Amino acid sequence: MPELPEVETVRQTLKQLVLGKTINDVTIHWGNIIKQPAEPESFKRVMIDQTLHDIDRMGKFLIFQFDDVHMVSHLRMEGKFAVHPSEEPMKKHTHVIFHFTDGTELRYNDVRKFGTMHAFPKGEERKNKPLTLLGPDPFDPSFTLPYFYEKVKRTTRSIKAVLLDQSVVAGLGNIYVDETLFRAGVHPERRGKELAEAQVEAIRIAAIETINEAIQQGGTTIRTYVNSQGQIGMFQQKLYVYGKENEACQQCGTLIEKMKHGGRGTHYCRTCQH
DNA sequence: AGAATCACCTGTGAGC
DNA sequence: TGCTCACAGGTGATTC
């Protein structure tokens with residue numbers, strides 16, 4: 001499911017529903033989601049009696065800030081957090097339930113069971129994997145042209161692979177990489193070292209603008225994404241290439257193509273992107 | 001260093 | 001209608 005704009009929308013919608021609540025029990029139906037502590041029972045133990053004070057985000061990770069524990073969670077393809085009264089029937093594929101003292105529950109639902117949760121002592125989360133593997137968010141002041149150009153110019157990898165690499169810039173996934181490269185007029189298979197500085201700057205600006213606009217629209221819903229209040233995103237109306245194969249390019253009329261690159265479906269306009 | 005492949009899972013839609 | 005296969009907003013391990 002979600003890339004940075006969807007995770008940010010989940011963060012914003014979820015915050016309104018759960019801040020200030022205190023956990024009095026945790027139910028874990030699929031233990032593989034819990035990565036730290038390794039034992040689900042230990043995870044459960046450290047979470048009980050914790051009160052939630054804030055929800056932060058880095059790249060595609062949510063960071064739930066409790067009294068003494070910071071829980072880092074990745075939704076991977078289809079993970080969803082929602083809040084329900086405890087008496088409400090459980091949906092299929094609900095794998096982790098945080099029970100609150102007020103009779104409501106934070107439920108984690110994930111058809112594909114790919115999502116992850118790591119609990120760390122407060123303040124330790126940024127010193128450990130997975131967060132140490134992340135580069136800056138696109139709109140972070142440290143995502144500068146000198147930083148980005150340095151990374152791009154000395155690699156033989158494709159620019160698409162570079163943009164998907166979360167250690168270079170965090171938060172872009174398959175949709176926003178394809179959209180960013182269309183906006184910048186760069187072909188996804190171009191090697192990093194082949195790109196001129198001006199093109200790298202065009203990509204950087206396009207990434208920042210695409211991500212910012214998508215956040216404004218509440219993310220992109222292609223298949224299953226909804227935010228924590230059950231609403232779909234609207235950015236799919238602003239897509240130029242993702243999912244548009246065999247449709248006319250909005251800039252030149254050429255049919256948008258879809259190919260396989262690095263194992264991912266890749267959408268582009270052969271006329272507008274070089 | 002980086003590419004390719006598999007692994008983790010389930011559901012859906014296309015093609016036969 | 002029913003089967004099989006490819007594919008899906010992601011990432012991590014392994015192998016070459």
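Being a predicted model, the structure only gives us computed values, none of them experimental. In what follows, every chain begins at residue 1, and chains take the letters A, B, ... in the order their sequences are listed.
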dA1(B), OP1 or OP2 - any side-chain N/O from Thr156(A) closer than 4.0 Å? no

Any Lys92(A) side-chain nitrogen or oxygen under 4.0 Å from OP1 or OP2 of dG11(B): yes

Thr116(A) near the nucleic acid: base, sugar-phosphate alone, or nothing, with a heavy-atom cut-off under 4.0 Å? nothing

Between His93(A) and dG11(B), does any side-chain N or O lie under 4.0 Å from OP1 or OP2? yes

Angle class for the Tyr147(A)/Phe143(A) ring planes (parallel below 30°, perpendicular above 60°, tilted otherwise)? perpendicular

List the atom of Val69(A), the atom of Gln50(A), and the distance in Å for their closest heavy-atom pair. N-OE1, 3.5 Å

Any carboxylate oxygen within less than 4.0 angstrom of a Lys/Arg side-chain nitrogen, looking at Asp165(A) and Lys151(A)? no

Distances under 3.5 Å between protein N/O atoms and the N/O atoms of nucleotides 4-8 of chain C, please, pair by pair.
{"unit_1": "dA8(C)", "atom_1": "OP1", "unit_2": "Lys258(A)", "atom_2": "NZ", "d": "2.9"}
{"unit_1": "dA8(C)", "atom_1": "N3", "unit_2": "Arg112(A)", "atom_2": "NH1", "d": "3.3"}

Asn32(A) side chain near dC8(B) phosphate (N/O to OP1/OP2, under 4.0 Å): no

Classify the ring geometry of Phe235(A) against Tyr176(A): parallel below 30°, tilted from 30° to 60°, perpendicular beyond 60°. tilted

Donor-acceptor pair, Ser86(A) side chain versus Gly103(A) backbone, under 3.5 Å? yes

Are Glu257(A) and Tyr268(A) close enough that a side-chain donor and a side-chain acceptor fall under 3.5 Å? yes

With both pairing distances under 3.5 angstrom for Watson-Crick or G-U wobble, and | for a partner in another strand, the correct string for DNA chain C is .|||||||.|||||||

Charged N-O contact under 4.0 Å between Glu78(A) and Arg223(A): yes

Checking His95(A) against Asp110(A): is there a side-chain donor and acceptor pair closer than 3.5 Å? no

Between His74(A) and dT11(C), is there a contact of a side-chain N or O with OP1 or OP2 at under 4.0 Å? yes

